[in-house]
Amino acid sequence: MSVISAAISRRSALICGTIGLAGLASGCAPRLGNAFTSADTHVLGYPTVEAVIRFGELLSKRTDGRLSLKMFAGGQLGNERDTLEITTFGGLDFNRVNLAPLNSIEPLTKVIALPFLFESTQHMRTTLDGPIGDEILESLEPHGLIGLCFYDSGSRSFYNTRGPIREPADMRGLKLRVPGSDLYVSMVQSLGADAVPMPLDEVYQSLAQGVIDGAENNWPSFESGKHYEVARYYSLTNHLLAPEVFVMSKISWDKLTASDQQIVREAARESVPYMRELWDTQVERSKEIVISSGVEVNEVDPAPFAEAMTAMWDRSLDNARQRDMLERVLALRTGGA
Ligand code: GTR
């Protein structure tokens, strides 16, 4: 057994232990009783978590309770990178993750994670609800994942403990946390800041202890992770509209009949409009909490940020298929905001 596979089985064993499953001889059994398992780094009540719970309810309803889902929220099974790995090995049936941990698994996912790519939420939704979205979801299958649907994730902006960011020069030398993805690292470096890749659950403490000066995220994550309690400046660069992805382990998928696979696909697709509704409400709620706590929120002229960050597009894509997809995404722009 290689060092990597030994480490993976140790982690799988840990997860199986956490959710009380035996049968490790054949890897981690993916079922908890009859229920499928799913993980999310966010807590109960967060739109991604609630959308997947709704997905599970639809599943139960349509199979008269034969299929159901148990949600492990709040990162209790580990960070996204780890739980994703476990999912590919069948230790978890489902997972909801951000695009970032998929960037190092499937290069095509990088295209829709480029900063300042989508001109609006509508542009992102049109892209992901159409053939480009399907192509990206399908590209995950050779990696042991069945891509089921995309969820909204709003737009990400920078927050920090030092002061308002108004132009790229204000970011020079700031230590900013990014998710573990090369794309994020070069994004932050292109603005002259120091990128510190780190799992989400370490951000609060790292901000509080001064290990990092800031991070970047959407309103709901900034609020729900309580990062706003320590990072009191939120600068609306809105540099990234990158979606969330809901995936299933291919190992679990292959055990389903064709008609159950169809039920899974449809229930996932139907959870999307529900998630979008929850998302829009959550953004407003989070804004209110953050602003009323006295965080200094400042508008930013996006132009110089876009100029610095789009310069990295070219060197971030390394194959013709990605470049072709980028052209197709850009062709769906309408010039609207
Ligand atoms: C959030 C996203 C999470 C996670 C997080 C992060 O917006 O919903 O899945 O990726 O960002 O920054 O790590």
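We count residues from 1, following the sequence as given. Counting starts at 1 for both ligands and their atoms, following the listed order.
Taking 4.5 Å as the limit, some side-chain heavy atom of Y46 sits within range of a side-chain heavy atom of P220.
Taking a 4.0 Å cut-off on heavy atoms, A100 fails to register as neighbouring ligand 1.
Atoms of ligand 1 lying under 4.0 Å from any heavy atom of H42, numbered from 1 in the order shown and given with element: 1 (C), 2 (C), 3 (C), 8 (O). Those atoms of ligand 1 that come under 4.0 Å of a heavy atom in P179, given as number and element, are 12 (O). Taking every heavy atom of N218 and a limit of under 4.0 angstrom, the matching atoms of ligand 1 come to 7 (O).
Residue H227 is tested with Y159, F222, W219 for a ring pair (Phe, Tyr, Trp, His ring centres under 6.0 Å); the sole match is Y159.
Taking the centre of each ring, Y151 and W279 stay at or above the 6.0 Å mark.
When the heavy atoms of V245, L200, L240, L99 are ranked by distance to atom 5 (C) of ligand 1, first place goes to L200. Of the listed residues (H227, R156, M198, E202), the one carrying the non-hydrogen atom nearest atom 11 (O) of ligand 1 is R156.
For atom 7 (O) of ligand 1, the nearest non-hydrogen atom of the protein is N217 OD1, 2.7 Å. In this structure, atom 13 (O) of ligand 1 lies nearest to the protein heavy atom R177 NH2, 2.8 Å. Of all protein heavy atoms, the one closest to atom 8 (O) of ligand 1 is E244 OE2, 2.5 Å. Counting protein heavy atoms only, atom 1 (C) of ligand 1 is closest to S221 OG, 3.3 Å. Nearest protein neighbour of atom 3 (C) of ligand 1, counting heavy atoms only, is E80 OE2, 3.3 Å. Remark: minimum distance from atom 10 (O) of ligand 1 to any protein heavy atom is reached at N98 CB, 2.9 Å.
In terms of modelled atom types and a separation under 3.5 Å, the side chain of N79 and the main chain of T41 share no donor-acceptor contact.
We find that R285 and E288 are not joined by a salt bridge, their nearest charged nitrogen and carboxylate oxygen being 4.0 Å or further apart. At a threshold of 4.0 Å, the pair R328-D324 counts as salt-bridged, since one of the basic side-chain nitrogens sits closer than that to a carboxylate oxygen.
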Could you please spell out the steps behind the side-chain contact (heavy atoms from CB on, under 4.5 Å) verdict for Y184 and R177?
CA-CA 9 Å; Y184 277 81; R177 174 270 174 176; over 6 Å; no
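In terms of polar-atom proximity, E216 is not counted as a contact of ligand 1, lacking any N or O under 3.5 Å from an N or O of the ligand.
No hydrogens or angles considered: a donor-acceptor pair under 3.5 Å links the side chains of Q122 and T126. Under the 3.5 Å distance criterion, with hydrogens and angles disregarded, no donor-acceptor pair is assigned to the side chains of S249 and D93.
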